[in-house]
Amino acid sequence: MTAVSAGRRSTAFAWTRFGVLLAFVVIFLIPIYVLLVTSFKPLTEADPSQAWNLPQTWTTEAWQVAWDKLAPGLWNSVLLAVPGSLLSCALGSMNGYVLSKWRFPGADVLFTLFLFGMFIPYQGVMIPLVQLLVGLNDLTGLQGVFYGGIPGLVLAHVVYGIPICTLIFRNYYVTIPDELIEASRVDGAGMLRTYWSVVLPVSAPAIAVVVIWQFTSLWNDFLFAVFLTGPTSWPATVMLNNIAGAQATPYSQQMAAAVLSSIPTMLIYILLGRFFMRGLMAGALKG
């Protein structure tokens with residue numbers, strides 16, 4: 001009887017836990033339900049008072065309008081997020097490798113200075129950043145490229161992302177046994193050869209964390225994009241903010257545009273999410 005009672009209690013606990021988790025899932029999905037339902041409503045039905053109601057007339061008109069308005073911004077966001085994420089990943093990986101496996105005098109001090117960069121707010125560097133990018137335009141003669149264009153926005157995010165990317169990679173590389181690095185040295189491999197042949201092939205979890213982190217940060221950027229780019233270079237976030245009517249708010253179009261602009265980041269999490277926690281926690285108890 002004791003075993004039977006214990007089994008019943010275990011089953012009851014499992015069902016209770018499942019019920020609680022299911023309740024949290026439902027609560028989490030409520031905004032998504034409103035988002036999707038509203039996006040398929042005509043403008044006459046897209047009203048806050050009818051947010052919970054299913055559309056009386058299902059239509060994709062809002063999706064078509066949202067796509068027409070958002071498409072240039074989505075392409076600009078791709079041009080921003082993809083190279084920005086890859087450059088941040090490459091620089092952070094090399095910094096983390098040197099700071100963890102090729103120690104030099106003052107490495108800890110330099111790493112501390114890197115970390116200070118994580119705590120500088122965007123607003124605190126906005127004016128000097130604009131002045132720097134304007135100066136780069138004048139210096140290179142490429143007007144509208146650094147200040148007013150995507151390349152300058154990529155540069156700003158890559159530089160601002162170096163501290164967190166370096167931290168993630170350094171903490172991950174600390175977990176790689178030093179014996180592997182020593183063995184490669186004995187075999188005659190130098191710094192770059194060791195990095196390319198030994199360290200980089202086992203860096204997939206850290207790379208996934210940095211790519212997810214930086215891609216999401218760049219794709220969702222609004223402040224830098226407003227200050228550093230012009231109308232032809234606005235990414236999706238700025239375009240999304242500008243989808244508004246003069247007399248009435250087109251809720252259905254805004255909801256459809258919000259879904260469209262969130263799809264790339266969701267795909268990144270789906271494709272790389274299984275590496276995220278493993279890479280993020282690597283080195284948490286060492287180094």
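Heavy atoms only: backbone and side chains are in, while hydrogens, waters and symmetry mates are out.
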Whether S39 side chain and L36 backbone form a donor-acceptor pair below 3.5 Å: yes

A258 backbone acceptor or donor facing S261 side chain under 3.5 Å: yes

Residues clustering with W15 (ILVMFWY side chains joined when closer than 4.5 Å, directly or via others): F18, L22

Which atom of C165 lies closest to which atom of V210, heavy atoms considered: SG-CG1, 3.6 Å

Atom CD of E182 with >12 non-hydrogen neighbours under 6.0 angstrom: yes

Within 6.0 angstrom of R185 CZ, more than 12 heavy atoms from elsewhere: yes

All salt bridge (charged side-chain N to carboxylate O under 4.0 Å, His left out) counterparts of D108, not counting sequence neighbours: R103

Side chains of T229 and V238 in contact at under 4.5 Å (non-hydrogen atoms): no

Aromatic plane relationship, W63 with F40 - under 30° parallel, 30 to 60° tilted, over 60° perpendicular: tilted

Verify same cluster id: F104, L115 (apolar side-chain graph, 4.5 Å): yes

Validation row: L74, W67 side chains within 4.5 angstrom (heavy atoms): yes

Any donor-acceptor N/O pair, K101 side chain to I176 backbone, under 3.5 Å: yes

From OG (S197) to CG (L192), nearest 0.5 Å: 10.5 Å

Shortest non-hydrogen separation from T237 to W219 and the atoms involved: CG2-O, 3.3 Å

Single-linkage hydrophobic cluster, 4.5 Å side-chain cutoff, F28 and V25 together: yes

Intermediate values then yes/no, side chain to side chain contact (heavy atoms under 4.5 Å, CB included), L136 and Y147: CA-CA 8 Å; L136 287 176; Y147 179 69; over 6 Å; no

Non-hydrogen atoms of M239 and P231 that approach each other most closely: CE-O, 4.2 Å

Heavy-atom donor-acceptor pair, S184 side chain to I181 backbone, under 3.5 Å: yes

ILVMFWY cluster membership beyond V20 - transitive side-chain contacts under 4.5 angstrom: F24

T38 side chain reached by Q254 side chain, heavy atoms, under 4.5 Å: no

Transitive ILVMFWY side-chain link I270 to L260, under 4.5 Å: no

Side chain Y251, main chain K41, donor-acceptor under 3.5 Å: no

CG-CG distance between L110 and N95, expressed to the nearest 0.5 angstrom: 8.0 Å

Whether E45 side chain and Q50 backbone form a donor-acceptor pair below 3.5 Å: no

Side chain to side chain contact (heavy atoms under 4.5 Å, CB included) partners of L267, counting only residues at least two apart: I263

Pairwise distance CG(L218) to CG(L80) - rounded to 0.5 angstrom: 4.5 Å

From CA spacing to verdict: side chain to side chain contact (heavy atoms under 4.5 Å, CB included), L129, F227: CA-CA 10 Å; L129 183 58; F227 274 86; over 6 Å; no

Under the side chain to side chain contact (heavy atoms under 4.5 Å, CB included) test, residues paired with F119 that sit two or more places apart: none

V98 backbone acceptor or donor facing Y173 side chain under 3.5 Å: no

4.5 Å side-chain heavy-atom contact, T216 and Y269: yes

Short side-chain to backbone donor-acceptor contact, S100 and G96, under 3.5 Å: yes

Nearest heavy atoms of G84 and V154, plus distance in Å: CA-CG1, 3.9 Å

Donor-acceptor pair, side chain of T175 and main chain of Y172, under 3.5 angstrom: yes

Heavy-atom closest contact (N76 atom, I150 atom, distance): O-CD1, 3.9 Å

Heavy-atom side-chain contact between S93 and I207 under 4.5 Å: no

Nearest heavy atoms of A189 and T194, plus distance in Å: CB-OG1, 3.6 Å

Side chain to side chain contact (heavy atoms under 4.5 Å, CB included) evaluation trace for L133 with N137: CA-CA 6 Å; L133 295 181; N137 277 354; 6.0 Å; no

Hphob cluster co-occupancy, M255 + I30, side-chain heavy atoms under 4.5 angstrom: yes

Side-chain heavy atoms of F169 within contact of L99, under 4.5 Å: no

Y122 and H157 aromatic ring geometry - parallel, tilted or perpendicular at 30°/60° bounds: perpendicular

Close side-chain approach of F215 to T265, heavy-atom, < 4.5 Å: yes

Stepwise side chain to side chain contact (heavy atoms under 4.5 Å, CB included) test for L167 and F111: CA-CA 8 Å; L167 173 65; F111 180 60; 3.6 Å; yes

S252 side-chain N/O to L43 backbone N/O, donor-acceptor pair under 3.5 Å: no

W196 CH2: over 12 foreign heavy atoms closer than 6.0 Å: no

Side chains of V158 and Q214 in contact at under 4.5 Å (non-hydrogen atoms): no

Contacts of type side chain to side chain contact (heavy atoms under 4.5 Å, CB included), residue T140, not counting sequence neighbours: L142, F146

Spacing of CE belonging to M126 relative to CG belonging to L228, to within rounding of 0.5 Å: 6.0 Å

In one Ile/Leu/Val/Met/Phe/Trp/Tyr side-chain cluster, 4.5 Å: L200, V202: yes

